[in-house]
Chemist: 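Before I ask anything, let me first share the structure, which is written out below as structure tokens.
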Amino acid sequence: METPSDDDALQFEPPPIAAEGAGVLRVALATLPLSPGVYRMLDAKGDALYVGKARALRKRVAQYLQFERMPNRLLRMVAETRRLEIVTTHTEAEALLLESNLIKRLMPRYNVLLRDDKSFPYIALFEDHDFAQVAKHRGSRERKGRYFGPFASAGAVNQTLTAMQRAFLLRSCTDAIFSQRTRPCLLYQIKRCSAPCVGRISAADYRGLVDEAIDFLEGRSRGAQSELVAKMQTAADAMDFETAAMYRDRIRALTAVQARQDINFEDLGDCDVVAIHAEGGQSCIQVFFFRGGRNYGNRAYFPRHDKFVDAADVLAAFLGQFYADKPPPPSILLSLDVAERALIEEALTARAESRVRIAVPERGEKRKPVEHALANAREALARRMAETGAQAKLLDGVATVFGLDAPPARIEVYDNSHIQGTGAVGAMIVAGPEGFAKAQYRKFNIRGAGKSDVGEGGDDYAMMREVFERRFARALREDPNREEGTWPDLVLIDGGLGQLNAVASVLAELGIDDLPFAAIAKGPDRDAGRERFFMPGRTPFQLEPRDPVLYYLQRLRDEAHRFAIGSHRARRSKAISSSSLDEVEGIGPRRKKALLLHFGSSTAVKRAGLADLEAVAGVGKAAAKKIYDHFHGGG
């Protein structure tokens, strides 16, 4: 479609709801250049509504004033726009790369958003040592070596690493451990390392193993396997059966890892296969990773987007964001064509610093992996939609049980964890129509409650009060009108009537009188299935033992309990590694260690007399006086 001129765009009158945003865009148009770049539409708070790229910024932004041609989604976006920011670039490909990075960082709600984009693991061969180390690796690639991947999961990496250790006997220990060995470790005993640390293999022979491993990881495993078979036969002919058995074990390890590759295409080389299936306003994108023709696993993605966005547009947006922080392979196969495919190729080529080709095979050998990925995308989306449907039924049941007007879109569940009041942590988990929202979990390090002001054993009620005071006082400050989707539709508390009353008093003090909340108390003998539920103004009640809603509520409570315990353990571990001695000025790690070894604990150090402190080797009179004064108020 021909891009309209600025004058054509301005002839349409905005609907009343979009008048203010349209005014912002009209003012901006007067100064926008015709060069490539990226634009950001911001709301009244300065949050990004949308990030887009353009070959000509002025012409692209002008299209947002063609109100008669715009869907309701874009009309709402324009209505909320209060500011427009731009960044010019030299080329449109640079604009596409910048757009992808900004979308990943700002997460604008009107863009197609890639969620759950965790980093992928690689296998690394670190070659900055005479005897290269093989290891699982994530993150930056600053260390000298070769990196193979990505693998779809840590499990896939671990399986391949184990097989590689058996097949090529490469060391996995760190350089520090390697330098300290005086005898072979257990991995040598179980035939998973050649023990170069103690000279059981020469540097030249070890280099040969490294080269064989590289051939394997780069897809030349047939040659490596044939060579091992020949060596095994030679050893057997020479009656060296121990060496022949070693080669046999290595061949078996290679065969095992190849057998785990459920779909292999040697002609693919290094290639990603990306397929999308869209249905009911939702999409699933499956990415299969092939390196050296072998399948390194696959991962499913469910991008967030408006239900009216075309599947090809979702796929195009996905490609930009997916490769924003990872190197693309030389070849990418798609299940359907995307607009501006040549531009995306150009941008990915610039990112990879080598040629990247994007193809949409219609037939032949390269269509087979695409069809396989497409079938996986279809099945994954069907499972997700079924799970979503089941989740919707459960939330309907939750609404019935607790007398809500509608199924809750956000449920918050709270629990505390501590040991005799120490290391106390409050935990909040969040669940909704799409399951647990782990990115929204929060922990609260207890500041006052459960400590000295409430007795030695801790006070669960006071802890719960503190958590709710902090959580909802902040909610009142930051979102008083409840417009940001951060307020819960239902609050659940792990506890009984005491915890319920503590929460009720906090909410009453804050003036919050319309928030449904309930406490879940464990049954007699802590039996699952006999939980009692407490709500303000209602008689305590139970659900039928086999009620699916009860199982769901138990899962919510157990998740909150798991998160609370994990947070408490992390805080306790941090506390254990620190000491009140850290607060004494001039006492470094060496003196701290000497004091703890001498007295056994920091508490004993606090109670020690001046003469006792002076008696500790390496402390000295001046430092002993400083420690004594710190803990006894002297100075």
Side-chain angles (χ1 to χ4, degrees), residues 107 109 115 281-282 304 307 384 387-416 426-444 464-465 467-496 499-521 531-538 540-541 543 547-561 563-564:
M107 302 294 285
R109 65 175 180 271
R115 297 177 293 178
Q282 300 183 54
R304 193 179 78 195
K307 63 182 178 181
R384 184 178 180 88
E387 291 167 1
T388 303
Q391 186 83 352
K393 289 181 180 178
L394 289 172
L395 293 175
D396 282 336
V398 169
T400 301
V401 166
F402 296 109
L404 308 180
D405 295 331
R410 180 185 175 99
I411 302 174
E412 293 183 359
V413 190
Y414 292 83
D415 192 13
N416 296 326
M428 176 192 88
I429 68 146
V430 180
E434 296 184 355
F436 293 116
K438 296 192 175 183
Q440 299 180 48
Y441 287 14
R442 295 292 180 269
K443 67 176 181 179
F444 302 82
M464 195 63 74
R465 280 185 58 87
V467 168
F468 273 77
E469 284 170 355
R470 289 164 59 183
R471 162 68 178 103
F472 288 99
R474 180 174 180 176
L476 287 171
R477 288 194 308 271
E478 297 182 352
D479 187 18
N481 298 321
R482 308 188 188 185
E483 296 174 343
E484 302 297 323
T486 58
W487 281 74
D489 301 306
L490 174 66
V491 168
L492 298 176
I493 310 138
D494 186 10
Q499 281 84 354
L500 185 84
N501 290 335
V503 170
S505 66
V506 172
L507 296 180
E509 290 170 8
L510 295 174
I512 301 172
D513 56 7
D514 58 348
L515 183 63
F517 60 98
I520 308 176
E531 286 84 356
R532 299 178 72 204
F533 296 88
F534 296 86
M535 290 189 75
R538 283 182 64 175
F541 60 93
L543 299 179
D547 189 335
V549 175
L550 175 60
Y551 291 147
Y552 177 63
L553 296 171
Q554 288 171 346
R555 288 204 306 274
L556 295 182
R557 179 202 59 201
D558 293 345
E559 174 67 2
H561 190 57
F563 183 59

Chemist: Looking at residues at least two apart in the chain, or sitting in another chain, which of them share a salt bridge (Lys or Arg N to Asp or Glu O under 4.0 Å) with Arg470?
Modeler: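 Expected list: Glu466.
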Chemist: Return the minimal non-hydrogen interatomic distance between Ala409 and Pro433, and the atom names on each side.
Modeler: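 In this case the closest contact between Ala409 and Pro433 is O-CD, 3.3 Å.
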Chemist: Please report, to 0.1 Å, the donor-acceptor pairs under 3.5 Å made by any side chain of residues 512-520, with sequence neighbours excluded.
Modeler:
| from | atom 1 | to | atom 2 | distance (Å) |
| --- | --- | --- | --- | --- |
| Asp514 | OD1 | Arg482 | NH1 | 3.3 |
| Asp514 | OD1 | Arg482 | NH2 | 2.9 |
| Asp514 | OD2 | Arg482 | NH1 | 3.4 |

Chemist: Hey, are the side chains of Leu553 and Val398 touching, using non-hydrogen atoms and a 4.5 Å cut-off?
Modeler: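 In short, these two side chains touch, coming nearer than 4.5 Å.
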Chemist: Is the closest side-chain heavy-atom distance between Phe541 and Val401 below 4.5 Å?
Modeler: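 They are in side-chain contact.
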Chemist: So do Leu476 and Trp487 actually touch side chain to side chain, heavy atoms under 4.5 Å?
Modeler: yes
Chemist: Does the Asp479 side chain pair with the main chain of Glu484, one donor and one acceptor, at a distance under 3.5 Å?
Modeler: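 Checked: pair present.
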Chemist: Do Leu550 and Gln554 come close enough that some side-chain heavy atom pair is under 4.5 Å?
Modeler: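 Yes, close enough: below the 4.5 Å cut-off.
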Chemist: Could you name each residue pair satisfying salt bridge (Lys or Arg N to Asp or Glu O under 4.0 Å) that touches residues 401-413, not counting sequence neighbours?
Modeler: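 Qualifying pairs, neighbours excluded: Arg410-Glu412, Glu412-Arg471.
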Chemist: Show your working on side-chain contact (heavy atoms from CB on, under 4.5 Å) between Arg109 and Arg304 and close with a plain yes or no.
Modeler: CA-CA 9 Å; Arg109 65 175 180 271; Arg304 193 179 78 195; 4.2 Å; yes
Chemist: For residues 390-401, which residue pairs pass the side-chain hydrogen bond (donor to acceptor under 3.5 Å, both in side chains) check, not counting sequence neighbours?
Modeler: Gln391-Tyr552
Chemist: Could you grab the distance from atom OG of Ser505 to atom CD of Glu469, nearest 0.5 Å is fine?
Modeler: 8.0 Å
Chemist: Which heavy-atom pair separates Ala406 from Ala399 by the least distance, and what is that distance?
Modeler: O-CB, 3.7 Å
Chemist: If you define the side chain from C-beta out and look only at heavy atoms, does anything of Phe472 sit under 4.5 Å from Pro488?
Modeler: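 Yes; the side chains approach each other to less than 4.5 Å.
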Chemist: What I'd like to find out is whether the side chain of Leu492 reaches to under 4.5 Å of the side chain of Phe402, using heavy atoms alone.
Modeler: yes
Chemist: Let's go through Tyr441 and Glu559 carefully: what are the C-alpha distance in whole Å and the side-chain angles of both, what is the deciding distance for side-chain contact (heavy atoms from CB on, under 4.5 Å) to 0.1 Å, and is it a yes or a no?
Modeler: CA-CA 11 Å; Tyr441 287 14; Glu559 174 67 2; 2.8 Å; yes
Chemist: Looking at side-chain heavy atoms only, is the closest gap between Phe468 and Val491 below 4.5 Å?
Modeler: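 A side-chain contact exists here, since the closest heavy-atom pair is under 4.5 Å.
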Chemist: For Leu556 and Ala431, which heavy atoms make the closest approach, and how far apart are they?
Modeler: CD2-CB, 3.6 Å
Chemist: Which pair of heavy atoms, one from Leu490 and one from Pro408, lies closest together, and at what distance?
Modeler: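 Taking Leu490 first and Pro408 second, the nearest heavy atoms are CB-CB, 4.5 Å.
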Chemist: Where do Ala521 and Gly496 come nearest, in terms of heavy atoms and distance?
Modeler: CB-CA, 4.0 Å
Chemist: Apply salt bridge (Lys or Arg N to Asp or Glu O under 4.0 Å) to Arg384 and list each qualifying residue two or more places apart in sequence or on a separate chain.
Modeler: Glu434
Chemist: Of all residues at least two apart in sequence or in a different chain, which pass the salt bridge (Lys or Arg N to Asp or Glu O under 4.0 Å) check with Arg474?
Modeler: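 With sequence neighbours excluded, Arg474 shows a salt bridge (Lys or Arg N to Asp or Glu O under 4.0 Å) to Glu478, given in chain and number order.
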Chemist: Please round to the nearest 0.5 Å and tell me the distance separating atom NE2 of His561 and atom CD1 of Ile429.
Modeler: 12.5 Å
Chemist: How close do Ala560 and Ala427 get, counting heavy atoms only, and between which atoms?
Modeler: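 Looking at all heavy atoms of both residues, the closest pair is O-CB, 4.3 Å.
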Chemist: Roughly how far, to the nearest 0.5 Å, is CD1 of Ile493 from CE of Met428?
Modeler: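 If I round to the nearest 0.5 Å, the distance is 13.5 Å.
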Chemist: Heavy atoms, side chains only, cut-off 4.5 Å: are Val467 and Val506 in contact?
Modeler: no
